[in-house]
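Here the structure is a predicted model, which is why all the values come from computation and not from measurement. Protein chains get the first letters and strands the later ones, always in sequence-line order, with residue 1 at the start of each.
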Amino acid sequence: MNMPSSVKLSLLLLPLLAACTEKETLRYGLQDQVVYEDKTQKTKRKSESEYISILYTNLYQQPITPNQLYKTQQVVQSIGDRTLAWEMLLSNYFNKPGIQMPAETFMRAETDSFINMAYRRYYLRRPGEAERAWFRNFIRNRSDATVEMVFTAFAASDEYAFY
Amino acid sequence: MKRKEFIRKAGLLTAGTAAAPYILPSGRLFARTNTPLADHVVLVMFAGGVRQQEAVLQRYLDDSQDVKVQGNIMYNLLEGAAPATKIAYGTTAPGGYNGGQPIPRLLSQSLQSQGTLFTEMRAQSAGHYTGLTTLMTGNPGVAQGLKARPRFPTLFEYLRRHAGFKASECWFIGNTIGNSTPLLNASDHSEYGLAYGGNFFAAPVTFGSAGIDVLSNAKPYSDEDLQPMYAMKEFLDRSFNLEASAFDSVRNTPEERTRIKEWMRDVYRRLQSGQIAFPPVTDNGDAFSIGMAAEVLREFKPKVLVVNMSAVDGCHSNFTGYLQSLHRADHATGWLWDRIQRTIPEMSGKTTLIVAPECGRNLNPNPIQDDNDWYAYDHSDANALRVWGLMAGPNVPRNLVVGNENNSVGRLTDIVPTIAHILGVKDEAMNAGYLDPLARSLFDRI
């Protein structure tokens, strides 16, 4: 039996047409989220080079040079009390130009924002309500609590040494 | 008040009044168990593997290079005349021979004549690190790994835990951050550990060019400036609640840290203006370390300070350099003793100095010859276990020599119980169960 060629062509294209159904797009209603660390999950101690690199970048918003990193690491290793070494290092950093710090007026005027910023910047997490309340109270009651001292306390703290 | 209640309260009050003065910062109830023999101890770990033949035996080139010249090149420490010829251990005068100018003697009386010399002691290892660990722990250090904290408590831990000393009263001045040196200030022992460790500086690094570059520009904070910072840090640390077992270093109190930081700032300033006193001949890292140890003594008047030297170890490839380093180590140690007596009144006459090498060197040389065609020496045989020890200070018999070449008296593991004895906690250290069972206070071997 001879079929017309147009029918043959139609029969050949039929599977292709069947395959071209519209694909269903699933939407789950997700939104972008910023993920924060949890202090209870910080169990790994930063190595000296990690600590120094992260601290330097944090304070100066630019990476430390490899040569300076190596030298700093050696000096830190040469001091038995690491907290003392970090405090000395911070004191030196705060005495050099180029450090990126918010103004004292910002800390006093927008204390909660400042506290949130400090926790995010150093601990990569939000402060708990108790933590925020403690700092709010401390900053409001202590005129000698400067941004530099707050940053030093965070950078020299135990939690900052972990990730 | 009822009679029964009155008696109970009165009893408690009496007990509390009696016990309170003896409660130490460590939480221990009773203070030292033996009468201290001195207020301070300085231990010089001398100085990188010292061959017995060139040190106490004073054979100079005779027993090493087959050159018939004997003599004492450590005349601040030991009694004996210096070599008369073939002088190569001193400094080099312009146009002169290498090492041809001996360093003038600093002490009018040698330390040997001021104290007791143990001429033939036994090291428990022929290696540096095990030797240093032995000196610091009183334990032979078998199975002690490199780049690891000592497995057994250090003398700092015995003293801080049992005598209640503060961290700033216990110091180790090292000469390098290499190998395990920065880890010798505390063990990782579960009953002692970092909570009782001593302070540490690797002097040539902390106060050398790197330290000056990285740390000398510190802001001058006062105690008052730092008070809010410490309050915030305390809150943050309490919130994080790090267990003591997770500490990675010794911890001073905030007050101690502030004091140390102020002192460091002052040292950097004086280093840059050339105001720090060093031994007259300071041309190697050892003398620099000794100079910085003297600065620590001057400022903190610690109960115990340990300082390490190691330049002598150049003997692996350069015998002339070894002689020069040995001569300088003697010079630096003599200077340190003189410095304590003359410039630190709080420690003068109240300090015991102990000097001991961490190991000896081989009987036979290796094939390496230096510019004088003298052979070098390693440290791996039985001769490398032959060492000596010297102590001087209050209650140390003067001008006494104990033992001889054929009669070994004393072990390097004796150093920790000796220091514990001097500072009043001998029984605690001995009974802790972590010392070499053969170790004894050197005072008990006299």
Side-chain angles (χ1 to χ4, degrees), chain A residues 39-40 42-43 45-46 48 52 67-68 70-96 118-119 122-123 127-128 130-131 134-135 138-139 141-146 148-162, chain B residues 167 171-172 174 176-177 182-183 185-186 194 197-221 224-242 246-252 254 256-258 260-261 264-265:
Chain A
K39 70 178 173 185
T40 60
K42 292 180 182 175
T43 54
R45 186 179 284 280
K46 291 173 188 165
E48 279 132 12
I52 295 161
N67 185 34
Q68 196 62 21
Y70 175 71
K71 200 185 287 186
T72 307
Q73 195 179 346
Q74 285 205 315
V75 172
V76 168
Q77 284 174 359
S78 76
I79 298 174
D81 182 342
R82 284 296 140 80
T83 308
L84 188 149
W86 298 135
E87 287 176 14
M88 279 294 281
L89 185 64
L90 282 159
S91 168
N92 274 265
Y93 282 164
F94 283 120
N95 213 16
K96 287 177 183 166
Y119 268 85
Y122 284 92
Y123 290 171
E131 291 171 320
W134 191 91
F135 264 99
F138 191 85
I139 290 168
N141 292 329
R142 296 286 296 261
S143 58
D144 54 353
T146 61
E148 187 175 322
M149 285 298 130
V150 175
F151 276 23
T152 303
F154 270 91
S157 70
D158 289 336
E159 185 172 344
Y160 191 60
F162 283 78
Chain B
W171 287 84
F172 173 37
T176 174
I177 56 169
L183 303 173
N185 62 335
L194 284 161
N199 273 295
F200 169 75
F201 284 130
V205 181
T206 316
F207 299 105
S209 59
I212 288 173
D213 181 50
V214 173
L215 296 183
S216 68
N217 192 36
K219 269 192 172 180
Y221 296 125
E224 283 176 19
D225 294 336
L226 291 171
Q227 204 281 329
M229 189 278 283
Y230 282 130
M232 288 184 278
K233 178 173 155 35
E234 190 190 346
F235 169 76
L236 293 168
D237 288 348
R238 266 194 289 115
S239 175
F240 192 59
N241 198 22
L242 186 66
F247 290 177
D248 69 332
S249 82
V250 166
R251 293 196 167 198
N252 292 279
E256 288 175 298
R257 279 208 299 279
T258 302
I260 295 169
K261 286 188 290 185
M264 287 175 75
R265 281 188 59 253

Looking at [options], which has the largest count of heavy-atom pairs under 4.5 Å with chain A?
options                                : value
B:Asn217, B:Ile177, B:Asn185, B:Val205 : B:Asn217
B:Gly197, B:Gly174, B:Ala210           : B:Ala210
B:Gln227, B:Arg265, B:Met232           : B:Met232
B:Ala202, B:Ala203, B:Ala218           : B:Ala218
B:Asp213, B:Asp225, B:Ile260           : B:Asp213
B:Glu224, B:Glu234, B:Arg257           : B:Arg257

Distance-minimising heavy-atom pair for [X] and [Y]:
X        : Y        : result
B:Leu194 : B:Val250 : CD2-N, 3.6 Å
A:Glu131 : A:Gly128 : OE1-N, 2.7 Å
B:Pro228 : A:Ala145 : CB-CA, 4.3 Å
B:Ser216 : A:Asn92  : N-OD1, 3.5 Å

Go through the atoms of [X] and report whether side chain, backbone, both or neither lie under 4.5 Å from a heavy atom of chain B.
X        : answer
A:Val76  : neither
A:Arg82  : both
A:Phe154 : both

Relative to chain A, which segment of B:Ala231 carries a heavy atom at a distance below 4.5 Å: side chain, backbone, both, or neither?
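When you check distances to chain A, atoms from both the backbone and side chain of B:Ala231 fall under 4.5 Å.
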Heavy-atom proximity to chain A below 4.5 Å, by part of B:Phe207
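Neither the backbone nor the side chain of B:Phe207 comes within 4.5 Å of chain A.
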Give the member of [options] that has the highest number of heavy-atom pairs under 4.5 Å with chain B.
options                               : result
A:Ser157, A:Ser91, A:Ala130, A:Ala161 : A:Ser91
A:Ile79, A:Asp81, A:Val75             : A:Asp81
A:Gly80, A:Ala85, A:Ala156, A:Ala155  : A:Gly80
A:Gln74, A:Arg142, A:Glu87, A:Gln77   : A:Glu87

How are the rings of B:Phe172 and B:Phe200 set relative to one another: parallel (under 30°), tilted (30 to 60°) or perpendicular (over 60°)?
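It falls in the tilted class, 30° to 60°.
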Hey, what's the ring geometry for A:Tyr123 with A:Tyr119, parallel, tilted or perpendicular (30° and 60° as the breaks)?
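A:Tyr123 vs A:Tyr119 ring planes: perpendicular.
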Is the terminal nitrogen or CZ of A:Lys46 (NZ for Lys, CZ for Arg) located under 6.0 angstrom from the six-membered ring centre of A:Tyr160 and within 45° of that ring's axis?
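Satisfied, under 6.0 Å and within 45°.
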Calculate, to the nearest 0.5 Å, the distance between atoms CD and CD1 belonging to A:Gln73 and A:Ile52 respectively.
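Rounded to the nearest 0.5 Å, the CD-CD1 separation comes to 5.5 Å.
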How long is the straight-line distance from OG1 of B:Thr258 back to CG of B:Leu226, given to the nearest 0.5 Å?
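Rounded to the nearest 0.5 Å, the CG-OG1 separation comes to 5.0 Å.
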Run the ring pair (Phe, Tyr, Trp, His ring centres under 6.0 Å) check on A:Phe151 and A:Phe94 step by step: do they pass?
CA-CA 10 Å; A:Phe151 276 23; A:Phe94 283 120; 7.0 Å; no
